[in-house]
Amino acid sequence: MSVRVRFAPSPTGQVHIGNIRAAIFNWLFARHEGGSFLLRIEDTDQQRSTPEAIATLLEVMQWLGLDFDEEALYQSSQRQKHLQAAEKLRSLGHVYSDGPDAASQAMVFRIPWQAEELCEGIQEQGAMRMKIHPEQPVQISHKGLRFAAVSKKGAAVPDSACLAGFKNLQVYDSEGRQIFVLQEHIEEILRDGRQFSLENAVELRFTRRSISYVDQVKGEMSKPLDSMRDLVIVRGDGSPVFHPANVVDDISQAVTHIIRGDDHVENSFRHLLLFACLGAKPPVYAHLPMIVNAAGKPYSKRDGDAFVGEFRDKGFLPHTLFNYLSLLGWSPGDDREKMSREELVQAFSLQRCLHSSAQVDIVKMGALNALYIAEMEPGEFVAQCREFVQHLPWGKELDEDYFAKVCAFMQSRLKRFVDVEQWQYFFGEDYQRDEKFCGKQLSDDNTLAALKALQEKLAALPEFSAANIEASIHEASDEFNIRRGRLNQPIRAAVTGIGTGAGIYETLELLGKEKSIARLNLSAK
RNA sequence: GUCUCCAUCGUCUAGGGGUCUAGGACACCGGGUUUUCAUCCCGGCAACAGGGGUUCGAAUCCCCUUGGAGAUGCCA
């Protein structure tokens, strides 16, 4: 059977960086395997899932080149299926009702008592003895166990777990007497809803069962059933929750591999049970490590740089983001970093994904971006710069030829398109100056005198060309006993106000005689 | 608290018992590219979290400790 993976975001208006990373890995895997990459829009939250939010999502995917196969599935359209699945589970005896009052009863999926008969990957782990606190009676019913665990300090901490976690349960009291044997009552508990409340219980003895599966990136994963709880699948108001919706849609879309963030591992254990109880073959799971921000913390909305749109607005190229993100938590195994889409597809494998979380380094991403910017077609580069300059006060009306020349000078020096704002000195007198840099460069009297002399030489130039400008600068340097080249940064400070830019001779030529001289004058005073 | 997972330079990573005095990249610091900015090139700084095992031999396997993350919702 061919591979089918899906990207299943909730459209919330912004596309989270962690989500899109998962999308990229799914896409890479699908393309590598020659399978299908499906899109499922989990739009059941009607508050946030606006048409605008969905449009943003689709636009971001297109921007990144994440083309999907088949038609996008809108989860809200599947509601009846989700409910039908819940009813099916009820008819098979896997569901009970629970809730504060008769009017709002939720449907709760009971982790099946006969787990090993229904679901692959259930194993007995041997005998367990669990100390519990006698302060609270142990309550046993078809809804599971309620008891008080004992904290390190000896205090009672209320806990609960699913019934299926306690195969062969025997409860002992403080005198060491066996006061309850689950095997003797399991029928009446499950069938008749009988409940037990046991006082003075201090120990639970049972056979631990665990559920396990082989994760394609993390390897063998396992969780004891006694650490799991039954889960609500339909709310008291009749709406299905995430779990059945997700599983049912994965069955509908015949998804073979689920590649998602680490934060879903616990859900996967539960979902495995749901797949099994619905009679479906479970998919293969792969959990990706999370990506974290520069502070090493998980990305949250308020950190900034949490959304794809922010990277685009800063002037990162789509392929930079694609390439960089694909290298977070994965590597091709050799020294390649700058990789084309084709190379990434070719090299990708889940087995080479890492197990630990990765921190985004915006500086390194900038370096990668610079590489991609440097190899852009000049025309395309100019157009892109034009777009970013458009929003700036000085960027509305520009001489196109002049702008193109500036672009040509600056292409190899640009890391992000937002940085075009630093080109302001080419277009007017109202530019930002790096005072610290300028102060340092323009403090020496001899240097200032040389700049003054340079003005006259430049003014006398018949042709204001880079070559002539260079010659004049050399003359001025020689006259004032300044090593050739040492005058360049002071000139740059006077004329551009910042320490980095294009070649200074070319910059002056482009700026023109009048402006160049005027700026030297201003600073030389 | 409990459960699950994770741990190599500041960061992203290579590394599947010997070829590791641990390689690459970004950042940083020097130097070079007929004396500037950038590119490019060369060089430098810098890591196996700690402790026990297993083994002739451990960054690699096991255990413990510590640290981190996630989960413990009628959120998704």
Side-chain angles (χ1 to χ4, degrees), chain A residues 8-10 12 19 42 44-45 48 75 98-100 104-108 149-153 155-161 215 218-219 221-224 226-229 231-243 245-246 261-270 287 289-292 294 296-298 324 327-338 352 354-368 370-371 374 409-415 470 473-474 477 482-492 496 498-507:
Chain A
S10 312
T12 57
N19 275 133
E42 304 209 331
T44 50
D45 182 343
R48 297 194 295 174
Q75 185 162 69
D98 196 18
S104 58
Q105 291 286 299
M107 289 173 72
V108 183
V150 185
S151 76
K152 272 183 191 146
K153 292 174 192 154
V157 308
D159 203 357
S160 67
D215 191 289
K218 298 174 93 81
M221 300 284 278
S222 164
K223 188 177 173 68
D226 53 284
S227 70
M228 296 175 76
R229 289 177 194 158
L231 58 147
V232 170
I233 54 173
V234 178
R235 298 185 186 88
D237 68 3
S239 61
V241 308
F242 164 74
H243 305 290
N246 200 258
D262 240 355
D263 50 339
H264 278 292
V265 295
E266 308 278 335
N267 286 335
S268 295
F269 289 115
R270 300 157 160 184
H287 291 95
M290 313 296 306
I291 59 181
V292 296
K297 295 291 174 190
Y324 184 77
L327 257 23
L328 276 188
W330 176 84
S331 84
D334 48 42
D335 284 342
R336 286 180 294 171
E337 292 199 332
K338 180 167 176 283
R352 288 204 58 82
L354 273 339
H355 300 180
S356 53
S357 57
Q359 191 169 316
V360 173
D361 182 351
I362 197 80
V363 176
K364 180 158 181 167
M365 204 194 294
L368 223 209
L371 259 26
F409 277 170
M410 303 305 281
Q411 184 166 359
S412 70
R413 293 156 237 259
L414 194 69
K415 283 192 160 63
E470 183 175 4
I473 292 174
H474 286 172
S477 306
I482 296 170
R483 235 176 79 203
R484 288 191 175 183
R486 293 295 290 267
L487 214 42
N488 291 9
Q489 284 301 80
I491 294 170
R492 185 183 298 283
T496 73
I498 55 173
T500 57
I504 194 63
Y505 317 127
E506 291 78 7
T507 300

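Naming: A, B, ... by sequence-line order, numbering from 1 per chain. Just so it is clear, the model here is predicted, and its values are computed rather than measured.
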### Message
Please report the distance separating the P of rC45(B) from the corresponding atom of rG10(B), rounded so that it comes out in whole Å.
### Response
14 Å
#### Entry: N or O in side chain of R492(A) less than 4.0 angstrom from rA38(B) OP1/OP2
no
### Whole-Å gap separating P (rC6(B)) and CD1 (I291(A))
19 Å
#### Entry: Pairwise C1' distance, rG50(B) and rU13(B) [rounded to whole Å]
23 Å
#### Entry: Distance, P atom - from rG24(B) to rC42(B), rounded to whole angstrom
11 Å
### Summary
Rounded to the nearest 0.5 Å, the CD1 atom of I233(A) sits from the NE2 atom of H243(A) at a distance of 10.0 Å
### Query
Just checking, is any N or O donor in the side chain of S477(A) or R486(A) under 3.5 Å from an acceptor N or O on the other one?
no
### Query
Nearest nucleotide by nearest heavy atom, which residue falls closer to the 5' end of RNA chain B, P224(A) or G503(A)?
P224(A)
### Partner nucleotide of rC75(B) by Watson-Crick or wobble geometry (both distances under 3.5 Å)
none
### Query
Choosing from rU11(B), rG1(B), rC26(B), which nucleotide comes nearest the side chain of V363(A)?
rC26(B)
### Query
M221(A) side chain: which of rC40(B), rC74(B), rU4(B) is closest?
rU4(B)
### Task
Check the pair S10(A) / R48(A) against side chain to side chain contact (heavy atoms under 4.5 Å, CB included), numbers first and verdict last.
CA-CA 9 Å; S10(A) 312; R48(A) 297 194 295 174; 5.6 Å; no
### Query
Side-chain contact, heavy-atom cut-off 4.5 Å: F242(A) with T44(A)?
no
### Options rA76(B), rC6(B), rU13(B), nucleotide nearest the side-chain atoms of H355(A)
rC6(B)
### Task
Return no unless some side-chain N or O of R352(A) is found under 4.0 Å from OP1 or OP2 of rG15(B).
yes
### Query
Over how many whole Å does the gap from Q75(A) atom CD to rC75(B) atom P extend?
14 Å
### Summary
dist M290(A):CE -> D262(A):CG (nearest 0.5 Å) comes out at 6.5 Å
### Task
Using a heavy-atom cut-off of under 4.0 Å over every strand shown, decide if S331(A) touches base, sugar-phosphate, or nothing.
sugar-phosphate
### Message
Please report the distance, rounded to the nearest Å, between CD in Q411(A) and P in rC40(B).
### Response
14 Å
### Task
With C1' as the reference atom in both, quote the distance from rA71(B) to rA76(B) in angstrom, rounded to an integer.
14 Å
Check nucleotides 66-71 of chain B against the protein and report each pair of N or O atoms closer than 3.5 Å, with its distance, or say if there are none.
unit_1  : atom_1 : unit_2  : atom_2 : d
rA69(B) : OP1    : K297(A) : NZ     : 2.8
rG70(B) : N2     : E266(A) : OE2    : 2.8

### Task
In whole angstrom, give me the gap between the P atoms of rC40(B) and rC48(B).
30 Å
### Task
Could you tell me the separation between the CG atom of D237(A) and the P atom of rG73(B), rounded to a whole number of Å?
19 Å
### Carboxylate-amine/guanidinium contact D237(A) R235(A), below 4.0 Å
no
### Message
The side chain of I504(A) is closest to which nucleotide in this list: rU36(B), rC74(B), rU13(B)?
### Response
rU36(B)
### Task
Could you check which of rC74(B), rG73(B), rC12(B) has an atom nearest any side-chain atom of V232(A)?
rC74(B)
### Task
Just compare rA76(B), rC12(B), rC26(B) and give me whichever is closest to any side-chain atom of L328(A).
rC12(B)
Which atom pairs link the protein and nucleotides 32-35 of chain B when you take only N or O atoms and keep those under 3.5 Å?
unit_1  : atom_1 : unit_2  : atom_2 : d
rU35(B) : O2'    : R484(A) : O      : 2.9
rU35(B) : O2     : R484(A) : O      : 3.0

### Query
With a 4.0 Å cut-off on heavy atoms, is A358(A) in touch with a base, just the backbone sugar-phosphate, or nothing at all?
sugar-phosphate
### Query
How many angstroms lie between atom CE of M221(A) and atom CD of E266(A), to the nearest 0.5 angstrom?
8.0 Å
### Query
Do we see a donor-acceptor contact under 3.5 Å between the side chains of Y505(A) and N488(A)?
yes
### Task
Verify the contact: side-chain N or O of S10(A) to OP1 or OP2 of rA76(B), cut-off strictly under 4.0 Å; return yes or no.
no
#### Entry: Complementary nucleotide of rU21(B), counting Watson-Crick and G-U pairs under 3.5 Å
none
### Task
Can you tell me the pairing partner of rG43(B) across any strand shown, Watson-Crick or G-U wobble, with both distances under 3.5 angstrom?
rC29(B)
### Query
For the pair made of CD1 in I362(A) and P in rA27(B), what is the distance, rounded to whole Å?
13 Å
### Query
Would L327(A) and R336(A) count as a side chain to side chain contact (heavy atoms under 4.5 Å, CB included) if you check the C-alpha gap in whole Å, the side-chain angles of each, and the deciding distance to 0.1 Å?
CA-CA 10 Å; L327(A) 257 23; R336(A) 286 180 294 171; over 6 Å; no
#### Entry: Separation between the P atoms of rA14(B) and rG23(B), rounded to whole Å
15 Å
### Message
Base, sugar-phosphate or nothing for D98(A)? Non-hydrogen atoms, less than 4.0 Å.
### Response
base
### Task
Find the distance K415(A):NZ to rU39(B):C1' and express it as a whole number of Å.
10 Å
### Task
Check the distance between rA27(B)'s C1' and Q359(A)'s CD and give it to me in whole angstrom.
13 Å
### Task
Please measure how far the C1' atom in rC56(B) lies from the corresponding atom in rA49(B), and state the result in whole Å.
28 Å
### Task
Compare the minimum distances between each of rA27(B), rU36(B), rC40(B) and the side chain of A367(A), then state the nucleotide with the smallest one.
rA27(B)
## Note on the structure
From the candidates rC74(B), rG10(B), rG24(B), the one with an atom nearest any side-chain atom of E337(A) is rG24(B)
#### Entry: 4.5 Å side-chain heavy-atom contact, N246(A) and E42(A)
yes
### Task
For nucleotides rA47(B) and rC5(B), find the distance between their C1' atoms and express it as a whole number of Å.
23 Å
#### Entry: Residue R229(A), side-chain atoms from C-beta onward, closest of rA14(B), rU72(B), rC3(B)
rU72(B)
## Note on the structure
Rounded to whole Å, CG of L354(A) lies from P of rU11(B) at a distance of 14 Å
### Query
Does the R352(A) side chain pair with the main chain of S331(A), one donor and one acceptor, at a distance under 3.5 Å?
yes
#### Entry: Nucleotide forming a Watson-Crick or wobble pair with rC61(B), both distances under 3.5 Å
rG53(B)
### Query
Got a donor-acceptor pair under 3.5 Å from the side chain of K364(A) to the base of rA25(B)?
yes
### Most 5' of E506(A) and P100(A) on RNA chain B, judged by nearest nucleotide
E506(A)
### Task
Calculate, to the nearest 0.5 Å, the distance between atoms CG and CG belonging to N267(A) and L231(A) respectively.
8.5 Å
### Task
Dump the intermediate steps for side chain to side chain contact (heavy atoms under 4.5 Å, CB included) on L368(A) and E337(A), then the final yes or no.
CA-CA 9 Å; L368(A) 223 209; E337(A) 292 199 332; over 6 Å; no
## Note on the structure
Applying the 3.5 Å cut-off to both distances, the Watson-Crick or G-U partner of rU4(B) turns out to be rA69(B)
### Task
Counting heavy atoms from C-beta on, name the nucleotide in rA38(B), rG10(B), rA14(B) closest to the side chain of T500(A).
rA38(B)
